[in-house]
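Read the structure below first, then the notes.
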Amino acid sequence: MLSGNNLTGKILTVLFLVSTLMFSVEAQNKFSVFNRYELSHDYLYMLNKSIDDSSGTPWFSTFNISDENYTFNFLTSGQKLGLNISTVFGYEHFKNSNRFVVLSGETAYKSKYLNGFVSVDAYTTERRIFSEVQDIQFERFIKENAHEPIDGVFDFRFNLPTAYIETNLKYLKLSVGKMKKRWGPGYKGTLGLSGTAYSPFYFYNLNLNFGNLINMEAFLCGYDDESIYRAEMDISDTIRVKSNGINLRNFYPRYGAGQRLDLRIGKHVQIGIYELVDFFGTNELSRFANPLQIYYLANESSGTNNANLLGGIDINVMVKRFRVYGEFLNDDITCFQKSGNPDKFALQLGFVFYGKDPLLQAGLEYTHVSPYVYSHSRVLSRHSHWSESMGWPWGNDQDVFTAHALFNFNKKMKGKLEVNYWMKGEGNIESDWYADGKPNLDNAPYWVQDPVKKVSTQIWYEYNPTNYLKFNVCYEPVISDKKFTNGLYCYLNAKIPGTFQKNLHVK
């Protein structure tokens with residue numbers, strides 16, 4: 001932390017820090033710039049156009065379309081570097097108003113064998129507005145009780161949403177760093193990995209494809225949120241610093257791993273199967289770090305039941321311009337034993353029609369997540385990061401029905417209409433099956449008991465007058481237990497104009 005009496009010097013320091021954000025490039029963002037919970041309109045438009053591609057449809061349950069829509073500013077022999085800076089002015093109103101400013105910088109690098117991408121955000125910290133359903137939100141990481149970056153200056157924070165480097169090989173990609181990962185076919189969200197929580201650090205992410213028939217993926221990541229579990233743990237084993245008495249043995253490091261196999265059957269059917277595991281401690285790390293193993297067998301051999309196992313399967317069926325899809329998730333896999341946590345499950349069903357301008361796509365979706373999904377008796381093994389679900393973004397114990405239509409009126413105007421019916425129970429990802437008296441889940445009712453029922457609508461419009469300016473507005477009326485409220489969300493995204501290209505000749 002920097003401090004001092006010279007306010008001008010502090011402001012100059014802020015400007016210097018912000019200037020480090022100015023190394024960036026325009027990329028094909030897969031998630032919305034303004035709403036962390038939804039895929040970007042540009043990505044969905046690209047997915048729509050791929051339906052007519054003679055080379056075959058893409059994988060619908062993996063995020064393997066690379067960010068290659070760069071405007072590179074600097075070119076050398078076999079290397080490209082892109083730089084860009086932009087800002088977002090946000091206004092959110094739900095019962096009360098909130099205004100914030102975001103300064104974003106991105107850098108993209110591309111060569112014959114390596115790709116790299118870094119994005120950094122700096123933003124003011126006026127509190128985010130939480131609506132009744134909380135499914136519209138710009139990603140700003142504001143940790144409670146955190147130190148101010150610079151004393152005496154307006155309160156702001158930094159976030160590093162993406163920072164990775166990957167091999168640029170035809171059949172194999174190996175990446176290291178922070179990135180968004182999404183597994184599953186859903187529109188509103190997915191069950192195993194939705195990519196909407198704050199990105200953990202991936203020690204490795206392997207992606208291997210065999211032509212257009214088989215795709216394999218595996219990863220190992222580390223979570224940096226172990227300190228938030230302090231209130232739920234009682235640490236008796238200590239490693240204490242003599243000078244200040246601080247206990248260094250407070251928490252074990254947390255990790256996550258996953259592996260996935262996708263198969264294409266003919267031109268119309270895609271099937272994916274995956275396994276996820278959340279765990280803590282170095283002993284468990286040695287069991288699950290190997291990407292060429294079955295996590296279920298590794299956990300059985302440990303005899304500890306410390307790890308949280310999740311397994312899932314999804315399917316996509318294309319018939320002309322229609323896609324029918326489904327996903328099933330089993331949490332705490334105990335299919336061959338009766339002891340320990342019982343099975344919990346989530347499922348999702350839906351279909352999408354891919355139209356042509358102005359109707360980009362339209363569809364229906366149903367999602368069910370039963371109580372205790374993503375939670376675990378060993379609290380460090382929850383399927384979450386910074387208390388947010390790594391799977392279905394809104395947690396568990398709920399049923400959600402969604403209808404949506406996306407429009408591409410012309411190059412400058414886009415729109416969306418979405419209606420959601422929520423049935424939410426009292427459970428959440430911190431609920432503990434043991435602490436709740438081991439309720440009998442085998443005979444538990446399917447539907448949420450005594451739910452809070454909500455109907456939310458998103459009426460969304462985006463206007464792009466130039467390549468450097470984008471205006472996004474969303475009106476959200478909500479009926480919750482027969483009470484009407486509504487929200488308004490406005491975002492202005494401005495980029496520094498004057499894209500240029502320059503050849504760098506290095507002797």
Side-chain angles (χ1 to χ4, degrees), residues 28 30-31 39 43 47 50 56-68 114-117 162-186 189-197 199-223 255-265 269-279 285 287-298 307-316 325-330 333 348 383 385 390-391:
Q28 179 95 27
K30 295 171 182 176
F31 281 90
L39 297 175
Y43 176 79
L47 199 64
S50 68
T57 57
W59 295 105
F60 289 105
S61 294
T62 59
F63 235 26
N64 294 333
I65 299 178
S66 298
D67 290 326
E68 294 185 354
L114 286 177
N115 292 336
F117 189 79
T162 308
Y164 67 87
I165 190 169
E166 69 177 4
T167 60
N168 187 22
L169 303 176
K170 186 174 182 180
Y171 300 111
L172 174 67
K173 286 187 180 295
L174 171 61
S175 57
V176 177
K178 295 187 62 169
M179 67 201 76
K180 296 286 187 181
K181 288 194 65 61
R182 190 178 196 270
W183 287 358
T190 58
L191 303 181
L193 290 175
S194 270
T196 64
S199 298
F201 180 83
Y202 288 88
F203 298 103
Y204 65 75
N205 180 72
L206 287 165
N207 191 280
L208 177 66
N209 64 83
F210 295 89
N212 203 29
L213 300 177
I214 300 176
N215 189 80
M216 303 174 65
E217 190 171 354
F219 71 82
L220 173 68
C221 70
Y223 303 120
Y255 303 96
Q259 53 189 355
R260 179 182 178 93
L261 173 66
D262 287 274
L263 304 174
R264 194 188 301 270
I265 303 174
V269 180
Q270 299 175 15
I271 296 178
I273 183 170
Y274 62 85
E275 191 179 22
L276 297 165
V277 59
D278 302 285
F279 56 96
L285 179 63
R287 294 187 178 101
F288 299 111
N290 182 1
L292 302 177
Q293 68 167 328
I294 299 175
Y295 301 141
Y296 178 83
L297 299 180
N308 183 15
L309 290 173
L310 303 93
I313 184 171
D314 56 60
I315 184 170
N316 292 273
Y325 61 87
E327 181 180 4
F328 179 82
L329 173 76
N330 183 358
I333 305 171
Q348 186 176 74
H383 192 54
H385 188 214
M390 296 293 288

How long is the straight-line distance from [atom2] of [Y] back to [atom1] of [X], given to the nearest 0.5 Å?
X	Y	atom1	atom2	result
Thr167	Leu206	OG1	CG	8.5 Å
Asn290	Leu285	CG	CG	11.0 Å
Leu263	Trp59	CG	CH2	6.5 Å
Ile313	Leu261	CD1	CG	10.0 Å
Leu309	Leu276	CG	CG	9.5 Å
Asn308	His383	CG	NE2	8.0 Å

Within the structure provided, determine whether [X] and [Y] are in side-chain contact (heavy-atom separation under 4.5 Å).
X	Y	result
Met390	Pro200	yes
Leu310	Asp278	yes
Phe219	Arg260	no
Leu39	Arg182	yes
Glu166	Phe117	no
Glu327	Pro185	yes
Phe328	Leu191	no

inquiry  = Just to verify, what does Gln270 make a side-chain hydrogen bond (donor to acceptor under 3.5 Å, both in side chains) with, not counting sequence neighbours?
reply    =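 Partners of Gln270 by the side-chain hydrogen bond (donor to acceptor under 3.5 Å, both in side chains) criterion come out as none, since no residue qualifies.
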Smallest heavy-atom separation, Leu172 atom then Leu169 atom, equals O-CB, 3.1 Å
**Item:** Step-by-step side-chain contact (heavy atoms from CB on, under 4.5 Å) determination, Ser199 to Lys180
**Value:** CA-CA 6 Å; Ser199 298; Lys180 296 286 187 181; 3.6 Å; yes
Are the side chain of [X] and the backbone N or O of [Y] linked by a donor-acceptor pair below 3.5 Å?
X	Y	value
Gln348	Gly189	yes
Ser194	Gly391	yes
Glu217	Gly258	no
Glu275	Tyr295	yes
Thr190	Trp183	yes

inquiry  = Using side-chain contact (heavy atoms from CB on, under 4.5 Å), reason through Tyr325 and Asp314 one step at a time and then give a plain yes or no.
reply    = CA-CA 7 Å; Tyr325 61 87; Asp314 56 60; over 6 Å; no
Can you tell me if CD1 on Ile294 sees more than 12 non-hydrogen neighbours from other groups inside 6.0 Å? no
*Using the ring of each side chain (for Trp, its six-membered ring), is Phe288 parallel, tilted or perpendicular to Phe279, with breaks at 30° and 60°?*
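Correct class here is tilted.
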So Asn168 and Lys173, side-chain contact (heavy atoms from CB on, under 4.5 Å) or not? Walk me through it. CA-CA 6 Å; Asn168 187 22; Lys173 286 187 180 295; 3.7 Å; yes
### Message
Determine whether Asp262 and Tyr274 satisfy the following criterion, side-chain contact (heavy atoms from CB on, under 4.5 Å), listing intermediate values before the conclusion.
### Response
CA-CA 9 Å; Asp262 287 274; Tyr274 62 85; over 6 Å; no
